[in-house]
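Below is one structure, written out as structure tokens; comments come after it.
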Amino acid sequence: MPRARVIIDPNSTVGVVQRRMFGSFVEHLGRSVYDGLYEPGHPTADEEGFRQDVIDLVKELGVTTIRYPGGNFVSGFKWEDSVGPKESRPRRLDLAWHSLEPNQVGLHEFSSWLEKIGGSELMLAVNLGTRGTQEAIELLEYANVPAGTDLSEERAANGRPTPFNVRMWCLGNEMDGPWQLGHRSAEDYGKLASRTAKAMRQLDPDLELVACGSSSAAMPTFGTWERVVLTHTYDDVDYISCHAYYAEKDGDLGSFLASAVNMDHFIDSVVATADHVKAVLGSKKTIHVSFDEWNVWDIERYQVEDKVTGIGNWPVAPRLLEDVYTVADGVVVGNLLISLLRHADRVTSASLAQLVNVIAPIMTEPGGPAWRQTTFFPFAVTSQLAVGEALKVKLQSDEYDTALHGTVPVVDVAATHDAETGRTAVFLVNRALSEETTVTVDIRALGEVAVRSAQTLTDDDAHAKNTLEQRERVGLRVNETATIADGELTVTLPPVSWTALSLA
Ligand code: AHR
């Protein structure tokens, strides 16, 4: 049986876990918005057409900031199309996903939905693909200027006298990707992002702005892109973005379970690049990471099976990117959250991509039920328990070899401690394919504590899923093995599992 030993100390900290770490992402893509969170006529729909069953699940998930409205979609989006009387809004081609955008949900409706889910923060992306600085400042004027200007009065006439007061803005989306409308070189994008950021700050100086980093660490321009973009934008932005998606390929579950090793390396590389630019510029300012797209996603399946084509074929809300997640996928999502927590000093905002139906923790059927995917559970529990400061955890673990990430620890771990409540949370993953792993955690530095809860995501079948037919096939189980004796916590982790312990 593999073994691991962990030491935690509440005085040895990485940084405060920002609530924005538990953000998500809603893009006008597939059935994310239409036939997802918005379905007038659904038995649970409210007077605005929003599904109450989805609202309840999103609340339970515990998402904070939500990035909107894209994604690739934003690079062809005209925000003016999505405000004003619904009946006069245009139906537009969405070139990114080859769909038809009916513009029945826009800034006003989405903002109202955010209030219904408990006041999650809106993070807006501007179109720097087919549009530029002028349109970005017009949207900012519409959203944030209190009154007395053409666009702020238009907002009021559209039913919203008080400003939306959006604080966090993404300067475009994945502008390094050749698939992106208006794709640019790092030089060109860096100059445009700098000009746009400066203009936006002339209007609203305290905005928090995110420059596009690479769309993945596997891009040939990765590293150079960040260096060049930040060289142009260092004084103008607060964040550089990271995007990463992982999937089990060719049945190599061992490599897939170690995806967080890649995420760790990705974050460390972006932080090192940002700090290199800081040194070269002699700046005192530190750039943070907005990990504003991360998840498990089988991109190849989308490209082979889902892609819509044809000059006469522009469906509204087609079924796109509707990945059905396995227990192993849920374990990897839990492990990616462990990686984010480990970097809490620099990753101060993150968005699980996405939220409903599209590579999502929540699925819906038109006219039918909504349910939790396997990935829902680690996100919801981590968002609930990871409060206070992330701790520097010492880990000694048995190891195994992977084809993609070299030799990696069988166990991964992160921990948080909240000085206010005295509560500590420990998050653990067992990557062993067929063996239980016993972990001992030295908790002497915590003083007298007891186990409040111990929950594990596992199944005899690592590829078990929740589906429309079997919506509750997979769920969290109480881990009865967690015990404390003589300042040491011992817990047994089933193979391919994610566990959260709460101590107080
Ligand atoms: O989240 C799905 C897509 O992945 C987004 O639109 C894009 O930004 C990324 O490539």
Side-chain angles (χ1 to χ4, degrees), residues 2 4 174 176-177 213-226 241-273 289 291 293-305 321 323-343 347 350 352-353 359 374-375 378 395-414 427-435 437 457-458 461-465 493-498:
E174 293 191 348
D176 64 322
S214 297
S215 48
S216 106
M219 293 297 284
T221 47
F222 174 58
T224 304
W225 174 275
E226 280 74 6
S241 71
C242 285
H243 290 182
Y245 294 100
Y246 300 93
E248 185 181 343
K249 296 226 174 75
D250 307 321
D252 183 1
L253 184 54
S255 289
F256 175 53
L257 289 169
S259 297
V261 172
N262 176 280
M263 187 186 240
D264 285 340
H265 185 62
F266 184 12
I267 298 170
D268 293 342
S269 305
V270 171
V271 165
T273 308
V289 171
F291 215 123
E293 286 189 35
W294 68 270
N295 204 349
V296 172
W297 174 20
D298 186 353
I299 302 180
E300 280 168 26
R301 197 188 61 77
Y302 158 68
Q303 278 155 352
V304 174
E305 294 175 25
L321 283 63
D323 290 32
V324 181
Y325 290 119
T326 65
V327 168
D329 294 333
V331 170
V332 169
V333 162
N335 202 163
L336 297 176
L337 282 161
I338 286 174
S339 171
L340 294 175
L341 288 173
R342 204 174 3 250
H343 294 92
V347 180
L352 173 72
I359 43 174
T374 56
T375 53
L395 168 70
Q396 270 183 314
S397 168
D398 287 349
E399 296 178 326
Y400 70 107
D401 295 328
T402 68
L404 293 184
H405 312 293
T407 303
V408 303
V410 171
V411 165
D412 200 6
V413 59
F427 305 96
L428 291 154
V429 160
N430 180 16
R431 296 168 175 156
L433 299 186
S434 54
E435 288 178 288
T437 298
L457 177 68
T458 188
D461 174 7
H463 291 95
K465 303 164 177 180
L493 309 177
V496 191
S497 66
W498 171 90

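Quick note: numbers below take in every heavy atom, side chains included, and nothing from hydrogens, waters or symmetry partners.
- Heavy atoms only, all atoms of each residue included: N295 and A353 are closest at ND2-O, 2.6 Å.
- Considering every non-hydrogen atom in both P2 and A432, the closest pair reads CG-CB, 4.4 Å.
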_Show, in sequence, the C-alpha distance, side-chain angles and deciding distance for V413 and I338, and conclude whether the side-chain contact (heavy atoms from CB on, under 4.5 Å) test is met._
CA-CA 6 Å; V413 59; I338 286 174; 5.8 Å; no
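- For H265, the side-chain contact (heavy atoms from CB on, under 4.5 Å) test picks out S269, with sequence neighbours left out.
- For the ring pair (Phe, Tyr, Trp, His ring centres under 6.0 Å) test, no residue two or more places apart in sequence or in another chain qualifies with F256.
- For the pair V331 and R431, the minimum side-chain heavy-atom distance is 4.5 Å or more.
- For residues 397-411, the pairs satisfying side chain to side chain donor-acceptor pair (under 3.5 Å) are D401-T407, with sequence neighbours left out.
- In this structure, the side chain of S241 engages the main chain of G213 through a donor-acceptor pair within 3.5 Å.
- Residue Q303 places its CD atom among more than 12 non-hydrogen atoms of other residues, nucleotides or ligands, all under 6.0 Å distant.
- The side chain to side chain donor-acceptor pair (under 3.5 Å) test applied to S259 returns no partner, not counting sequence neighbours.
- The ring pair (Phe, Tyr, Trp, His ring centres under 6.0 Å) check on Y246 picks up nothing, with sequence neighbours excluded.
- Under the 4.5 Å side-chain criterion, counting only non-hydrogen atoms from C-beta, V332 is not in contact with W498.
- Counting only heavy atoms from C-beta outward, the side chains of Y302 and I359 never approach each other to under 4.5 Å.
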*asked:* As a quick check of understanding, evaluate side-chain contact (heavy atoms from CB on, under 4.5 Å) for V411 and L428, giving each step before the final call.
replied: CA-CA 7 Å; V411 165; L428 291 154; 4.1 Å; yes
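- Residues satisfying the side chain to side chain donor-acceptor pair (under 3.5 Å) criterion with S216, sequence neighbours excluded, are absent altogether.
- When the salt bridge (charged side-chain N to carboxylate O under 4.0 Å, His left out) test is applied to E305, the partners found at least two apart in sequence or on another chain are R301.
- Closest non-hydrogen pair, L337 versus P378, comes out as CD1-O, 3.8 Å.
- Side-chain contact between H463 and L253: present, with at least one pair of heavy atoms (C-beta onward) separated by less than 4.5 Å.
- The backbone N or O of A247 lies less than 3.5 Å from no partner atom in the side chain of D298, so there is not a single donor-acceptor pair.
- Within the structure, the salt bridge (charged side-chain N to carboxylate O under 4.0 Å, His left out) test picks out the following pairs touching residues 253-269 (sequence neighbours left out): D264-R342.
- Legend: residues meeting salt bridge (charged side-chain N to carboxylate O under 4.0 Å, His left out) with E293, ordered by chain and number and at least two apart, are R67.
- In terms of heavy-atom proximity, T374 sits nearest to G330 at OG1-N, 3.8 Å.
- For A272, there are no side-chain contact (heavy atoms from CB on, under 4.5 Å) partners two or more places apart in sequence or in a different chain.
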*asked:* Assess the residue pair W294 and M263 against the criterion (side-chain contact (heavy atoms from CB on, under 4.5 Å)); give the C-alpha distance rounded to whole Å, side-chain angles, the decisive distance to 0.1 Å, and a yes or no.
replied: CA-CA 9 Å; W294 68 270; M263 187 186 240; 3.8 Å; yes
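- By the 4.5 Å heavy-atom criterion applied to side chains, V496 and T458 are not counted as neighbours.
- Under the side chain to side chain donor-acceptor pair (under 3.5 Å) criterion, D176 pairs with S215, not counting sequence neighbours.
- Under the side-chain contact (heavy atoms from CB on, under 4.5 Å) criterion, A217 pairs with F222, F266, not counting sequence neighbours.
- Here the shortest heavy-atom pairing between N430 and P494 reads ND2-O, 3.0 Å.
- In this structure the side chain of N335 never reaches within 4.5 angstrom of the side chain of L257, judged on heavy atoms.
- D329 contributes a side-chain N or O that, together with a main-chain N or O of T326, makes up a donor-acceptor pair within less than 3.5 Å.
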*Tell me, with the steps shown, if V296 and T375 meet side-chain contact (heavy atoms from CB on, under 4.5 Å).*
CA-CA 9 Å; V296 172; T375 53; 5.5 Å; no
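- Between W297 and Y245, the angle of the ring planes goes over 60°, which puts this pair in the perpendicular group of the 30/60° scheme.
- Separating the CE atom in M219 from the NE2 atom in H243 is a distance of 12.0 Å, to the nearest 0.5 Å.
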